[in-house]
Structures are given as C-alpha cells and as structure tokens.
Amino acid sequence: MIHSLFLINHTGDIFLEKHWKSVISRSVCDYFFEAKEKAEDPENVPPVLYTPHHYLVSIYRGKLFFLSVIQTEVSPLFVIEFLHRVADIFQDYFGECSEAVIKDNVVIVYALLEEMLDNGFPLATESNVLKEMIRPPTILRSVVNTLTGGSNVGDTLPAGQLSNIPWRRAGVKYTNNEAYFDVIEEIDAIVDKSGTTVFAEIQGVIEACVRLTGMPDLTLSFMNPRLLDDVSFHPCVRFKRWESERVLSFIPPDGNFRLMSYHVSSQNLVAIPVYVKQNISFLETGACGRLDITIGPKQTMGKMVEGLKVTIHMPKMVLSVNLTATQGTHTYDLTAKVLVWDVGKLNPQKLPNLRGSLSMQSGAPKPEDNPSINMDLKIQQLAISGLKVSRLDMHGEKYKPFKGVKYLTKAGKFQVRT
Amino acid sequence: LTSLSFSCVRNSGICSCKCVKQPQMNEDLKEMLESNKESLKLEAMKRIVGLISKGKNASELFPAVVKNVASKNIELKKLVYVYLVRYAEEQQDLALLSISTFQRALKKEQLIEVIEKLLKDKSTLVAGSVVVAFEEVCPDRIDLIHKNFRKLCNLLVDVEEWGQVVIINMLTRYARTQFTSPWREDAMFDENNEKAFYDSDSEEKKGQADVKTYIMDPDHRLLLRNTKPLLQSRNTAVVMAVAQLYWHLAPKHEVSIVTKSLVRLLRSHRYIVVAFKHCYNLLSKQGMFEPYMKSFYVRSTDSTHIKTLKLEILTNLANEANISTILREFQTYVKSQDKAFAAATIQAIGRCATNISEVTDTCLNGLVLLLSNRDESVVAESVVVIKKLLQTQPNQHSDIISHMAKLFDNITVPMARASILWLMGEYCERVPKIAPDVLRKMAKTFTVEEDIVKLQTVNLAAKLFLTNSKQTKLLTQYILNLGKYDQNYDIRDRTRFIRQLIVPSEKSSTLNKYARRILLASKPAPVLESAFKDRDRFQLGTLSHSLNIKTSGYQELSEWPAVAPDPSVRNVEVIEPVKEWAPSVGKAKQSKSEDKFYSDDEEKEENASDSSSSDDSDSSSSSSEGLVLCFCFLVVITKQAFSLQPQSYQGNHTAWSGKMQRALFFRILSHTLIYSFISAFLMSCQVTTPSFGPMKTFELLHHMTGKGLSAKYHFPRQPCLYQPSMVSVQVILTNGSDHTLEEIHVGDRSPASLHIHCFNTIGEFLTVRSVPRCRAQDTCTSVQYWHLKLFCTKEDQFSVSIQPAVGELLMPSTMTEADFCKEQKKLLGMNETSATITMTTANTSSQTINKQVLSVANVGVAPSSQNNFHRFAGRTVSSGALVLVSLELKESSSALLTINTEKSIMASMLLQDLKQALTEA
C-alpha cells in the first residue's frame, strides 16, 4: 500500500525519507515539485498526483508536506487519513509537528514510522499503544538517558494490541482515579451585511482525560441526546448501545483522547453570541477608506464572552491603516495585508469599537467587494447547543473515581460579510 | 537543554557530507560498531539511521551492522532492523541469499491455501490482515469468501479501522457478483420481512406466480445493515468506504443515509474535499446533499480548490425550489476578490440558467448587469456566458445584443470582444443598424486587434456582406484586404477562403450560391456543462476514480448478475476439527528426521500453541490455530533470514523472556507474515513460470497388492525445495484398509546411483481414506525406471517402480526468439533430431499445439513471429542442458518436428512422446 514517505519543508527540501518496501529514488518528488510550482499556494497543491510509475498522495500540515508514494490501487483517503495520523502522533510526541522538531528526534521518528506502518499497511496507529513501545522524549528523560545510557525504547511490548481493546494498556494503576470530560463546541457561521444569519451550525467534540485503574467500563449519558444530529466515535465506543439507548458505553483508553465528535444540525436554531456593527467603505476619489467596527453581545446565555479577536484580510491596495480602538490592541501586517484586532473580554456596558481610516495605493481602482470579518471568541462554562451531560457511571471496578465535566464554546469558522 | 544523546544524530547531516569524501568517517562508525560497548554501538546505529533518513548511502557498513542483529539490547536491535530492511535489497547476496531459495519453493497454491485457512479464523485481529493478503494474492478467488461472508460481516465492527476499509471494499466487489440489482421499482425492502415472507406468505405467493418481485437476499441486507454503524467511525477512510458500498450496493432510496456523514468529512481535513471532489460531485448530481446545501457556502478564507468545488456542488444542487437562494449566494461570490473564482461563479450562473428555464431571464439580466462591472475578467466571462445563453434562445434578446454593442468600446479582453463580434454577425438581422457600425469601428482598429478578434471581424464582415451588402460592401473589401496581408497565417488563410466564398467570380460560382447557407446556418446551442465529467466507470472513492485512470491493481466492479448465483454457498456447516493442513507438520513431530525445517518448526510451534492457549483464553481455538499457523511460517522465514548466524540467533532467541517473545511474534505475525509471503510469492512468480497442462497421475501401488495401501504419483512440475537439480514427484498415499498402517517409508532403491530425498517416515496412518500428500524428490540422472521399496506396517514391503516420463525431467526456460535461433544454430548436426509428422486438422491451432506439447514435456513457450512456427524451450533439471523443440507446420497438415539438444537419447525419446501426443487426439 504505502510504499515510501518523504517529508518536505515549504522551501522544497526533502529532509526525511522512509521506505517500507524497496527504495524509491527521491527523483519521484520532482513531479510533486512541479505541481507545487504550478499551484503557487501550498494549500492548492493537488493531493493526488500520478507519475508514470507511481502515485503520489500528499497532505500539508504545519508548513510541511507529507508525501507518500504508492504503486497500486488504494483509496486515497486511506492514505490521507494515515498521513494525518502520522502528523497527529508527531504533534502528540513532540508538542509540535515542525521540521526542527522532527530533525531533532529523527531516531524516535524513525522508530515511530517503523511501528506505525508495517510493509506499507497501517499497524499501530493508537497513540497509547505507541507510547508503550516508544516513550516520548522529555527533558528529564533525555538527561537521565544521557547519564545512564538508557533509551526511549520500551523493553516491553504492548500487551493491549492483540487484545480486543487495543487502545487500552493492561495493568493501569493510579492512586488518584479521575475522569474528566471537556465538551467543546465551535460555531461555524456566515452572517451577512445586514446581520442576518446566512448559515450557522455547531461542531462539537468531547475530549476526555481518563486516569482510572484497571479495566473500567464507563457509561456516559446526556440530558438531551436527540440534539445530536451526526456523531462519530472513538473506536472504543459501542455503536450498538448508542443506536439503541443513546448512551456512550466504552472502555476508555488511558489518558487523553477524543471520545466523540458531533454536529448539531442547522435545522435547530443556533444562537449567535455576538453581533457586529460594521461600516467599511472605500472612497471613489482620494486614496483612502473608512473603517468602523463595533461588537456587542447578542445571545450569550448570561455568560462572559472572552478571547474576542477580529481578523480582516484587506484588499491588496490597502497600504496602511490608521485606527484607534477603545479596547484591546490592533496590528496590521503590511505584507500579508491582515488586520488583527485583539479585543479580549466583551464588556456589555462599554462596547468595544475600532475606527479610523485606511490609506490606499493611489491610482488603484476601488475594490469591488468589502473584506469579510473573521471572528474568534470563547465562552467558558457554556455549550451553546444546550447539550448537557447527565451522568457518568462506572462498572467493572470497585473504587470511586473523581468525575468532572467542563463546557466551552468557541467560534469556529465565524465570518461576517460586509 | 536538548538531549545530548540525540545531538549526535543532529550532527549527522555534517557527518554525512564528510562520509562521501572521506571514507574514514565510516571507518569510525565501523569501529564503534565492532566495539564491545553497547552505548558506542547504539550511538553508531543512531548516526547511521540519521544518514539513512537523509537518503545517504550507508550500505558499505552492512557487514558491520548485520553482526549486531544478535544484540540483546532492544533499541539497538530495532535500529539494526531498520537498517536491514533498508539495505536488504541491495545487499541481497549477504542478507537474503537463503531466503531466495525459500521463495522459490513457495507456490501460489500454497499461499492461497494459507489464506483460505486464515479466512476461516474468527479473530478480529486476523480478519483485516488476511483480507489484505487476499486482495493482493488472489483477489479473483471470490469463492474463498462465500463461507466467510457472514462471519466477516459480523466481525466487521470490531476489526481495526484500517482492516475495515479493505474488508468493506472487498465485500463491495463480492456483493456485486453474488446479488441481483436492488435498483428496481418493484422491489421490497422491508428489513425484517425476509423470514416472514418465506414462512407464512409462501402459499399465497405461489398462486400469484410473482416472478418479478425483487426480494433482497438476506445476506445482502446483512452487509448493508452491518456496515451502517461504521458511518460513525472517526476514520474518514472507513466512512468513505461505507459510503461507496452504499452507493454501489444499496437501493437508491437508502443511499441518502450516507450524505450526513460525508458532509461531516468535509470538516475533518480540508484536503478530503479536493481528493474526493468527484465523489461529492457525483453524489450531488443526485441531489443528495440538498438538505445540507448551506454547508457548501463558500467562505472567503477557503482555498481556490475548495471554492470551485463548493460552487460546483451548489450548481448541481440547484433546482426550481432553491435557485433563488443559490443565486443570491452567487451574487456575493461574483464580487469576490479572487477573480478566478468570480469567473467560475459566472459560468455556474450560466449553467443554472440553462438547466432551470424559469430563471433564465433573471440570470441573463443579472449577467447583463455584470457587463458594467469594473473588473475586466468578470465582464469577459459574462460576455462569453451570455453569448452561450443567447444561442440557446436568441429570439427575444435583441436588446441585450445592442446593449453589448454599446459596451463594446470599453471591453478589452480579446475573448469577450470576439464573442460580441460573433453575436453581432450571427444575429445581425436583429440589430440591422448597429452591426454595420460595429464593423466600421473594427475596420479602424483591425490591425491592432488580437488574432481571435481579427478572425471574428472577418466573419462579421462576411455575414454582413451577405445580408446587407449595400452598406458594407466597401468595408468588407477593406477588411479582407487588411486580412490578406496580415502576419498571421490563419488570418490570411481565412481571408482567402471568405473572399472566394462570398465575392462572386467566374470560378467559384458553385460555392458562391451556397455562401449564405454556409455562413448563416443555424448553429446548435452549446451545452453548458460541468468541467468535471462523469466518472461512474470506477468504484467510488478509489484512486482510479479520483484520477480517472485505471491504476495498477484496480479490481473492476462487475455488473449485477441477471440471476443471483446460488446463495446457499454462504451457508456454513459446523466446522470440523480435522485440518488438512496440520498433519504434515504434526507428523514430523514424532520422528526426528534430518529434515531441519520441520523439526525446528515443531519446537516453535509447541511454544506458540502453549502460549496462545494460555494467553488468549478468550479467543477461540480456531483463532489461536490460525496464529500458530502463521507462527510456523514466521519462524521459517526468520530462520532463513538469519541463517548467517544461526547460533547467535538461537542463543539470543532463548534469552528473550517467554512473554516478550510471544508478544513480539504475535504482534508482527498479523502483518509482516502475510506480507513476507506475498513478496516472496511475487518474487517466486518471476523465477518460475509454471507451465500448465493436464496433470497425469500414474499408479504406483494398487490397494489389492498393497494390502490396503494404495499409492499414486504425479509430477507436480514444481522446482525442488531441496536441490534445484532434483525433480519432484508427488506421491499420494491412501489407506484403503480399515486398520492403522504404521511406519510407511521408502527403503532400498535401484539403480544405486539414484538419489532420493524422500518423505519422512510416516509414523501412524490412522485416518481411514485420508489423503496426505508426501513428496519425494529424485535426481534425474537417467531415464530408466526407478525402483523403490515401499515399506509399511513394519514387515510389509512392496516393490514399486516409477517410470519417469522424459518430458518431466525438464524445466521450462524463457528465451526470446532471437536467443532461441542462436542457440538452435549451436546445436546442429549430431545434436539435432527431427521427424515429419502428420497432424489432424483439429490440432493445428497454436493453442492446441501448446497444450499438447506442454502435456508431454515441462517446457516453456518461446515466442515466434511466424504463425506456422512453434517453439518451446527447456532445460534438463539435472544438468541444465538446453532442450529446444520446434514445430514447423507445412501444407496438408504435415509438420516438421525438430529437437535440438546435446542429450541425444533424451531427444529421441522426447521425439517419440511428442509425436504420439501430436498425432493422437
């Protein structure tokens, strides 16, 4: 299936290669570079390419291209999904997925790749399983390793992988048994000029952090499960119980994992927490424009809106801005033409406002369209869809765990057209 | 404070540069590897892995590295393994010398046998891997799936996610060959009524003779039902696999359940949409995403790829009900700063306008408004689209044409100008006053226009000349003159053509008559269609589908059969505990023979079976057996691979703790093993090209003379496992008596020079009428009878003799026609034997000739450029001497059969055999 992997940085240097079958010459990447050249923007490089003898499937993550070479028919999504898993694992192990970090940890990277893919077919892709075999590097551990000559490679092999629950290792022991769940919702919305919602929906995930001794069997139930329109689960969740009872029944992996992601349908009314009053105009005569933005709370369910941030991709002819904000700071990136206004907390008594003038390239025609406004925000202790966890039960173990649920609402792709 | 132990690796970039120039750097590494300190070795290996990851050549260190394979340090071992895998191919002589012999011995039949066995396994761990193996080795052996179909369906949810993808894709293919099409209007789809239908209603139904009604096969329903929950998988590949399964197998009205999940995929990785645009496109044509239309609204931050795809989908979704919403949305896009996207939107509006006649006028008006847009590319695109729209219904739109004529001066994009000129010409009779004026303007600027505009100007001039020659005669002549001296060849050519066509003269009178009909013929309206063509010839979601080319290894999805094959093949009987496969291993257990393979296996096998039974108490017995089976092979392979140092390997092997060993082997067996098989098999395929032909079985011992024991033999034509210069003879023993036969073995033989590598003594032969296969291998020094004594039950002995057919002492050899002729020239005179034979007419087709020759002799077919010439090449197994057979067909069914070889006795015998075979039948 997957024959080889090349890691390529954004300048086009191949800085790591790994072959699972026979060695394929680097020159195969030339076809990719050609396509990259043509696409200009790295995001626009076609993910599936074909060359006379091979097929190339690539993803772009963290300014790196993960380019895999395949020789025979396979679902491209299979490869793409796997490459994302590889990137996720690097992220998980090293805290970030960048060229520098991969180069620093090349031996661990190699060991990981060796375990993740076996003769071209995915083998161990569970982070928990991998961590048992290859320990992630920490500063303390590398110091200890240097002094004692120890290594990051585990000397036991994961017992869980051949069981029916490969995601959980055997013999887990904790003195404090705890299970925490974060319900995180993102609002994707498009709001038009007049403030009416063109489109809005909610994407949610439940991130779990479970540190429980033994083999606990958990059941998580919701007050209002009917709200969830479309769900996808971690492999540990039993499909059948969800189908019949709408409860999440599972033996959890050890540590952090994403239990489920869900979607609240656009049929339900989605509460939009803030409104934006804006006026951006470019004058026909004279090389300048006006900008005036005010943000106010709309449906916040009585909670505080935090981390408010406004990002505007200005038209190319906007040379500089001369703005004043009543709250927060603003910056204008002259080369990327991006205006960022970091507002912070939204105070309902004193609405934040940003206004001033935009100076334009003289002689350039007035832009056709006003730039749209991208919003970023956070609301603690609120799931905007109204989803509520009702209870968590544990079977199979005797002790009493600490349980906790946290809610958070964020703006996803929240765009205001102007 | 970065790790010191890794710093060496980071520096390896510098090291590697030096390596190339200064070989002593590698000497350095060599010394480190040969030192006694583990830490030094480890550091050296880390540096070497660093080199490999950069694509540098580290192969010269091979001998030094390979020694460390026996290390007790796990980390070091793993790194050595990484190195070995990387260089094993290039250093084959060193590393895999022994494995290649093993590979030659592997046969596809055996492999399929293993796969068949493993398919029966009930463990979810095995299911995924074995289907991968199945897909690679024998994807066309659909018959192996029958018995396992229901089990696979039921296990599917618990198989690991990557295995699920492969299984679902395979089952899709399977289902298309086994079930009838559910895409019928009279179908019944109630999920639960299958049983009831047969039981209670059967009598009523008989009366109605309702042959037409379609009832879904319960297995078909089972597959659909059991894959459905996987739409909830977090793995996008699994979701896509289920989606394509529903697309290809489910009744049309059920396919829509996958859309929700596909819309979800859109959000998981941004790349997915791009890779699967064709899937989404195909599905959106069916209006499947309509409820999720708004999910496809474009954001200004989307990449161009995604924007155009979303646009495409929205256009596909447009219908009378939602068109106004979509058009409103499109209006926003037209203003986009991404001009390529704006242009694509205009085209999309054009498509909506042609598809939905209610909105054609609205769209057209909208597009006309865009003509006053400041952006040139938007205007140009609008003109082009308007031109196409007008062509579809030109009757009432003269106002639009005149409006465009007014804008003409301000439009500079050549394509747009050309389009307007074409419109003027085509509909010049609707705008009789404006068109000549436009031509006048064009005459002034003709020389500075782009070629495409010039061509259309000439066209316009010609059309106006025909309809309104009074006003435009002079203008036309002027333009034709300009065109005559244009620099562009095409324009000169067109001008000459037009002049001949429209200007009356003596010569061109015939064409001239028809000029008007030629130039002003009504033209068919263009079809505004998507740039993405339909791609339903490939299985959805495959690489072939996304590239729209047939990729290597793509398995066609067959059409639904008109009549379903027998569904009872999927019925599973109670599995018998007796395994055909086990005895050959099991028997060796009792007798410690010289056969190393088996005896070693058996030790390991014992370990394995012990461990598996103690460890996996919950897995079924069948499953652990599957694992054991794998295990045996694994050991053989590993042993072969490490046979350079069998001692150290074994020492190290025992040093591992039992648990670790077990875990390691079990962990790798599921994948590595199957793959080792496959790669081995694929290589072996290239080495031996097994010749086909009916296998003749000869009797060795009749059960009357053999006191119940009967024996038959045949030549399996497989390369010999033990020594390449031996011929394999497969002896099949059958116990026809009702008592146990013991200690069957081969005794004396004659002639004494005959070397036999025979089967091991069979300790007990318990089962009545069971047929174990044993294999004896004989050298072929001569073509005399081989006399053997077959012992049985301690005291009984039977003298038997094998008559080696001369053709069986050969092995096929592949050669080109040129090589064949060259070799043949070397073997003339004494070395040539020939005979003229008369063949029956039925035998003269090349297919039958090949078949006849191959049935007699184990030779390979050599290509021949002449139809009447047939060539076959082989070598004697014992000495490798060439044997060339050629057959020249002549008139009146006579043929010249020639054999060229050094072995003259063999030649004459072979000639006799061939003669007989070819004249017979």
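What you see below is based on every heavy atom in this structure, not just the backbone, and it leaves out hydrogens, waters and symmetry mates. Lettering follows sequence order; numbering is per chain, from 1.
Counting heavy atoms from C-beta on, the side chains of A:S261 and B:R234 never come closer than 4.5 Å.
For A:V109, no part sits under 4.5 Å from any heavy atom of chain B, backbone or side chain. Only the side chain of A:Q415 has a heavy atom closer than 4.5 Å to any heavy atom of chain B. In this structure, chain B has no heavy atom under 4.5 Å from any part of A:R258. Interface residue B:V166: only side-chain heavy atoms are found under 4.5 Å from chain A. In this structure, no portion of A:D192 lies under 4.5 Å from any heavy atom of chain B. For B:V159, no part lies under 4.5 angstrom from a heavy atom of chain A. Heavy-atom distances place the backbone of B:S336, and not its side chain, under 4.5 Å from chain A. Only the side chain of A:I70 has a heavy atom closer than 4.5 Å to any heavy atom of chain B. The part of A:Q71 that comes within reach of chain B is its backbone (N, CA, C, O), which places non-hydrogen atoms under 4.5 angstrom from that chain. With a 4.5 Å cut-off on non-hydrogen atoms, B:E38 does not touch chain A at all. Within the 4.5 angstrom heavy-atom criterion, only side-chain atoms of A:F239, from C-beta onward, approach chain B.
Note: B:R299 CZ to A:D188 CG = 5.0 Å, rounded to the nearest 0.5 Å. Interatomic distance, OG1 of A:T125 versus CD of B:E160, reported as 7.5 Å (0.5 Å rounding). Expressed to the nearest 0.5 Å, how far CG of A:L113 lies from OG of B:S53 amounts to 10.0 Å.
Closest non-hydrogen pair, B:S233 versus A:S232, comes out as O-CB, 3.6 Å. Of all heavy-atom pairs spanning A:I190 and B:V298, the tightest one is CD1-O, 4.1 Å. A:F199 and B:Y297 make their closest contact through CB-CD2, 4.2 Å (heavy atoms, listed as atom of the first residue, atom of the second, distance). Across A:V107 and B:K46, no two heavy atoms sit closer than the pair CG2-CG, 3.7 Å. For the pair B:N235 and A:R85, the tightest heavy-atom approach, listed with the atom from each and the gap, is ND2-NH2, 3.8 Å. The shortest non-hydrogen separation linking B:G50 to A:V106 is CA-CG1, 4.4 Å.
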>> As a quick check of understanding, evaluate ring-ring contact (aromatic ring centres under 6.0 Å, His included) for A:F121 and B:W162, giving each step before the final call.
In response: CA-CA 8 Å; A:F121 195 80; B:W162 308 106; 7.7 Å; no
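Of the residues considered (A:T72, A:D230, A:L16), A:D230 shows the highest number of contacts with chain B, using heavy-atom pairs under 4.5 Å. Note: A:K413 leads A:E243, A:H234, A:K413, A:H313 in heavy-atom pairs under 4.5 Å with chain B.
Atom OH of A:Y50 is surrounded by 12 or fewer heavy atoms from other residues, nucleotides or ligands within 6.0 Å.
Looking only at atom types and distance, the side chain of B:T236 has a donor-acceptor partner in the side chain of A:E81 under 3.5 Å away.
With sequence neighbours excluded, the residues that form a ring pair (Phe, Tyr, Trp, His ring centres under 6.0 Å) with A:F6 are A:H19.
Side chain of B:Q232 to main chain of A:V231: a donor-acceptor pair is present (N/O by atom type, distance under 3.5 Å, no hydrogens or angles).
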